[in-house]
Amino acid sequence: MVRGFAGAEPPAAWPRLPGTPQPERAEAPVSSLSGVGPALDKKLGKLGLRTVRDLLEHRPHRYEAAVPQRRIADLLAEEEAAIAGEVRSVTVRRPRRNLAIVNARVADESGDVVAVWFNQAWLEEKLKPGTHVRLRGQLKRGGFQVRSYDLNGVAATADFAPVYPATEDVTPQRLRALVERVLPAARDLPDPLPAELRSSERLPLRSDALHALHRPRSLEEGEAGRRRLAFDELLVLQVGLARARVGREAAVAPALGAPAGLVAHYRELLPFELTPDQEAAIAEIDRDLARDAPMQRLLQGDVGSGKTVVALYALLRAVETGRAGALMAPTETLAEQHFLTVEPWCTELGVRAALLTGSVKSELEGAQVVVGTHALIQEGVDLGELGVAVVDEQHRFGVEQRRALTEGRAPHVLHMTATPIPRTLALTLYGDLSVTEIAKPPASRKPIVTSWVTAERSSAAYTRLRKHLDDGRQAYVVCPLIEESETSQSRAAEVEAERLRRAELRDYRVGLLHGRLRPAERRELMAQFKARELDVLVATTVIEVGVDVPNATIMIVQEADRFGLAQLHQLRGRVGRGAEQSYCLLISRPREELTENALARLQALVDSTDGFELAERDLELRGEGQLLGTRQAGVSDLRFVHWRADRPLLERARAAAEGLVDYDGPLADEVERVFGERELAA
Ligand code: ADP
Ligand code: MG
């Protein structure tokens with residue numbers, strides 16, 4: 001019997017056969033491609049396209065619809081159509097600076113036509129006489145104006161040409177040409193899916209999926225390719241999370257036992273009853289803390305739902321066992337706000353609280369509750385024996401920062417977020433955490449009434465705002481969003497505050513809060529606002545989180561159409577924090593100027609104050625990939641996933657991941673690559 005090759009020793013070095021994958025080809029920088037000079041390299045870099053692999057994994061956001069295939073003699077004027085033929089001759093003209101016109105005479109058996117490209121002079125050398133081309137475009141006066149093309153003659157037709165997300169710098173046509181060129185390198189990429197899993201899931205090979213994505217023969221084929229790539233992303237994420245979980249389950253934490261006197265006292269001091277959701281959250285936390293496995297819990301709840309009250313409970317649980325508690329926030333403003341909330345309670349309870357940020361360092365010696373920014377996790381900061389750490393707005397920290405806080409210091413961790421996401425999604429993205437939700441805010445709070453007017457009615461909005469001020473309430477005015485930089489944002493806010501001081505808010509005390517203020521100035525300003533020495537706070541998005549002034553009952557958001565849904569919801573949460581009815585007035589540009597998406601966002605805010613509902617809506621409006629405008633760890637990496645449509649796929653990936661935690665090979669490399677990169681980005 002002849003034995004198979006399975007057991008045979010491989011030769012010391014396999015000869016590299018033609019057609020053998022060459023991984024280094026896929027990882028080559030785009031600048032190594034001929035025709036990609038420093039200028040284009042830089043533009044591609046802005047799109048995140050640095051390597052051949054990035055190009056291969058650049059997802060078309062849509063495909064052009066099918067058009068009729070015509071013989072050249074049958075072309076109709078102005079009709080969008082596809083033709084196929086052979087190049088006979090080619091010329092380039094430059095009638096003006098900044099304008100290059102490529103003309104190629106293309107012939108089929110019925111006749112010939114001059115095909116026209118604008119500003120793609122580099123095509124001249126590609127369009128050698130005799131080249132077979134497939135073109136898609138329109139017959140116009142100057143010739144057949146090409147919209148998309150295939151110079152290899154491989155695609156079945158010019159239909160379903162992929163359209164890539166492009167910028168002003170790089171046209172979709174240019175990207176299409178680049179992707180075409182690198183497509184052969186698709187087979188150089190390792191396939192992370194174990195073969196058995198691929199066949200049981202009936203998914204195509206990764207290289208076939210990439211071909212289908214960029215050069216589909218039908219829309220279904222393109223979709224099948226996308227789904228395979230989405231499965232990979234989900235699987236890699238799930239395996240990574242499963243590994244993190246397994247690693248942590250092996251760790252040991254001090255069991256903190258049952259709740260004792262300090263938290264009982266805290267409960268007595270609270271001037272209100274805890275809501276059922278708060279009680280449920282506390283019960284879950286108590287259960288976690290009683291075990292000797294580290295707590296890893298995500299507490300999700302809308303702004304003002306009462307998370308901080310629960311977080312302080314967890315910190316005090318550490319204190320009553322003789323350990324310290326730490327609360328880490330992503331910005332100084334937020335840390336300071338937390339401190340302002342937490343410190344008075346601590347003082348009443350006889351617990352020493354300290355604040356530690358980049359600019360404030362209070363005495364840590366003997367501190368039992370420490371609030372701070374990531375300054376907390378800097379080298380040489382001694383937090384004593386940490387029992388519980390609370391990480392607020394945890395998605396704003398990198399994996400590495402979160403790890404630094406917890407590793408070897410605080411075994412029990414409570415992550416908080418005021419950007420709630422739907423539960424299934426939370427379980428996917430934070431598959432390594434348990435999830436608790438505070439869905440219902442305290443009943444004493446009246447839902448914020450939101451209305452939306454266009455700019456021409458803004459004076460009516462300010463009239464309403466002044467009415468609140470005259471009744472002794474306070475207000476926020478949020479300035480238009482300027483993406484460029486913190487500096488230009490702050491400058492614009494200064495100008496706007498000046499304008500308001502002279503016009504609509506002439507008779508009131510107006511403060512200005514922006515990101516360029518020094519921390520001491522900002523603290524001073526916040527203290528003044530809290531003490532009612534200011535009537536109005538004109539602010540940039542820096543007030544998005546953490547500002548808590550119950551007497552502020554009205555907010556105007558200027559050019560609200562520029563903001564994302566989640567961001568507007570966050571901003572709105574600055575009002576409605578007391579028992580008074582609060583209002584949010586969204587001012588937008590005229591309706592005709594708004595995109596459909598912007599109209600839908602603004603309407604969603606008028607219709608709902610429920611963060612979970614809005615999160616679902618946001619997902620729907622954004623479609624895929626991008627989630628809630630936050631940098632949720634890893635989510636921005638999920639380029640191929642359609643959040644709603646792919647939920648079943650997501651379930652399957654999660655199930656498959658359970659059995660693959662220890663799996664080696666390309667899958668493990670891919671997990672390493674994705675999770676490793678995320679740490680670097682942190
Ligand atoms: P979050 O951190 O979720 O934004 P907070 O814990 O800061 O919410 O609570 C927001 C406001 O609501 C605070 O002023 C707090 O004192 C108050 N609050 C919290 N829980 C309750 C409750 N159960 N009943 C009434 N008011 C509450
Ligand atoms: Mg809070």
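Whatever order the structure lists them in is the order used to number ligands and atoms, beginning at 1. Keep in mind it's a predicted model, so treat the numbers as computed, not measured.
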Close-contact set for ligand 1 against Thr275 heavy atoms, below 4.0 Å
23 (N)

Parallel, tilted or perpendicular: ring planes of Phe529 versus Tyr476, cut at 30 and 60 degrees
tilted

Angle class for the Tyr583/His468 ring planes (parallel below 30°, perpendicular above 60°, tilted otherwise)?
perpendicular

Name the option, out of Thr308, Thr417, Val309, that contains the heavy atom nearest to atom 7 (O) of ligand 1.
Thr308

Answer yes when Arg491 and Glu494 have at least one side-chain N-carboxylate O distance shorter than 4.0 Å, and no when they do not.
no

Counting only heavy atoms closer than 4.0 Å, does ligand 1 sit against the backbone of [X], its side chain, both, or neither?
X	value
Glu273	backbone
Leu274	backbone
Asp302	backbone

Partner set under salt bridge (Lys or Arg N to Asp or Glu O under 4.0 Å) for Asp277, not counting sequence neighbours:
none

Looking only at distances, can you tell me whether any N or O atom of Gly306, backbone or side chain, sits closer than 3.5 Å to an N or O atom of ligand 1?
yes

Does Ser305 reach ligand 1, in the sense of a heavy atom lying below 4.0 Å from it?
yes

Scan side-chain atoms only and decide if His569 and Asp302 contain a donor-acceptor pair under the 3.5 Å cut-off.
yes

Which residues satisfy the side chain to side chain contact (heavy atoms under 4.5 Å, CB included) test with Asp610, sequence neighbours excluded?
Ser608, Phe612, Glu613

